Amino acid sequence: MAKVLLAVTGGIAAYKAIDLGGSLRKRGEEVRVIMTKAATRFATPLTFSAVSAATVYTDAFETENGIILHTTLSKWADILVVAPLTANTAAKLSDGIADNLLTMTALAFEGPKLAVPSMNVRMYENPVTVNNLLKLQRNGWNILEPSYGHLADGEYGKGRYPENDNILFEIDRITGPNDFKDVNVLVTAGPTQEPIDPVRYLTNRSSGKMGYEMAKAAKVRNANVYLISGPVDLKTPYGVERKDVKSSEEMKEAVLEKMEWADVVIMAAAVADYKPVFISEQKIKKNSDELNLHMAKTSDILMEISKVRRPRQFVIGFAAETQNALENAKHKLKSKGLDMIISNDVMRTDIGFDSEYNEVTVLCKNGDAVRLSRNKKCSIAKNILDIVKTHRVKLP
Ligand code: PMT
């Protein structure tokens, strides 16, 4: 867990950083907070201290056990996060002005730095601010751009404090292993819908959570991630490009279109195996007691991939099993020409479909098998990528 030095400047969004401190604390991160004098007008040090379980520093001339604060804090932290960053502090930081505890500490800090500018749109778009932020970037700062939306003063534009989840994601990305940098990762997630008539379709119970966590885990490690998603009710992970599809045919087309680009393919989607042969143009009427649907096999996307894949592309399937899980998964690993398959038991209600948790066995082409015991899907995704990393380098 990282030691996070959260620096808060005096913008209206200062109150939103309280929740950021709380989230960092919940994740088990050690937090210390610096507030500028102006920030204390928008939110109190006591609130930050209570919510983040952090010591809050406001005065450059305070000492802690006789030690000067800015040098101590700058050596203590793994990452410095300035959220929100006002135009005023951006100007000072870009020019190396050190006139308060925050700016002094930032100047002395040698680790990774993240700034979250947040201000009125006209201040943000002012060339002076634009130049100051560019200068910070050139000096090694990571800048998380503000969002568009309604601003505190009733105006609309770019300048809104972004979602804290995106800031947490950036902290993970910046402090993370960076070991998928420049790797193109194609992920599929969620169910497909196979239409019967204009109002009905066949689908399955996939929520998309496992696939979305795979996409997020790869993005955190600095991969370029393209997510092909069936219909789900999930937010696109920060920084991930997403294409929405509905049917297995649409998913197949979307995957094949991206195959040339992909270095790693992760097929977590639950693709329908059968689809109605005829799609009725009109809603099917309730005229008889029984209705027989004539079904045909869908194309197997992984099989199609195996025909076009190029050397050193690493292809991973998931196996949703209800019985003989390992045996069936091993068969799919071989028959679909995969480098790896992740077997999960979808009979259990405490893992698998729609759960926040999963428990899987990772089976590799060379016969290696790794059991990942029940854990949150985000942790399972991270562990799967660790295994992918070691097996990918062994590709001929
Ligand atoms: O989405 P969640 O609610 O988080 O649940 C996660 C999950 C259980 C859906 C996921 O972990 C999972 O197991 N995904 C694969 C589901 C599946 O379709 O399994 P399968 O055993 O039927 O297929 C094996 C592999 O072939 C899969 O990688 C699948 O994407 C692929 N396939 C299947 C059918 C088809 N026509 N083309 C394919 O490429």
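Nothing here was measured: the structure is a model prediction, and the numbers come from that model. Each ligand, and each atom within it, is numbered from 1 in the order the structure gives.
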For [X] and [Y], test the side chains for any donor-to-acceptor distance below 3.5 angstrom and give the result as yes or no.
{"X": "R32", "Y": "T55", "value": "no"}
{"X": "N100", "Y": "T103", "value": "yes"}
{"X": "S248", "Y": "E194", "value": "yes"}
{"X": "S229", "Y": "Y212", "value": "yes"}
{"X": "E155", "Y": "N120", "value": "yes"}

Notebook entry, point to check: What is the closest protein heavy atom to atom 11 (O) of ligand 1, and at what distance does it sit?
Noted result: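 Answer, as residue, atom name and distance: N344 OD1, 2.6 Å.
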[X] heavy atoms, cut-off 4.0 Å: which ligand 1 atoms fall inside?
{"X": "M267", "value": "27 (C), 28 (O), 30 (O), 39 (O)"}
{"X": "A319", "value": "21 (O)"}
{"X": "G317", "value": "28 (O)"}
{"X": "D300", "value": "35 (C), 36 (N), 37 (N), 38 (C), 39 (O)"}
{"X": "D354", "value": "2 (P), 3 (O)"}
{"X": "S206", "value": "1 (O), 2 (P), 3 (O), 9 (C)"}
{"X": "D273", "value": "34 (C)"}
{"X": "L302", "value": "25 (C), 26 (O), 28 (O), 31 (C), 38 (C), 39 (O)"}

Is ligand 1 under 4.0 Å from a heavy atom in the side chain of [X], in the backbone, in both, or in neither?
{"X": "A272", "result": "backbone"}
{"X": "N328", "result": "neither"}
{"X": "S299", "result": "backbone"}
{"X": "A268", "result": "backbone"}

Whether [X] side chain and [Y] backbone form a donor-acceptor pair below 3.5 Å:
{"X": "T9", "Y": "T86", "result": "yes"}
{"X": "R374", "Y": "D350", "result": "yes"}
{"X": "D263", "Y": "N184", "result": "yes"}
{"X": "K219", "Y": "V240", "result": "no"}
{"X": "S74", "Y": "T71", "result": "yes"}
{"X": "D197", "Y": "I279", "result": "no"}

Backbone or side chain, does any N or O of [X] fall under 3.5 Å from an N or O of ligand 1?
{"X": "K336", "answer": "yes"}
{"X": "T298", "answer": "yes"}
{"X": "M210", "answer": "yes"}
{"X": "V346", "answer": "no"}

Please work out which of [options] has its closest non-hydrogen atom nearest to [atom].
{"atom": "atom 29 (C) of ligand 1", "options": "A269, S343, G352, A320", "value": "A269"}
{"atom": "atom 20 (P) of ligand 1", "options": "K209, E304, M303, K332", "value": "K332"}
{"atom": "atom 16 (C) of ligand 1", "options": "G208, S207, A270, P191", "value": "A270"}

Notebook entry, point to check: Are any of the heavy atoms in K252 under 4.0 Å away from ligand 1?
Noted result: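 Flag not set, K252 not near ligand 1.
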Next item on the list: Please say whether the positively charged group of K16, taken as NZ for Lys or CZ for Arg, lies over the ring of Y161, i.e. under 6.0 angstrom from the six-membered ring centre and within 45 degrees of the axis.
Entry: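 No, cation not above the ring by the 6.0 Å, 45° rule.
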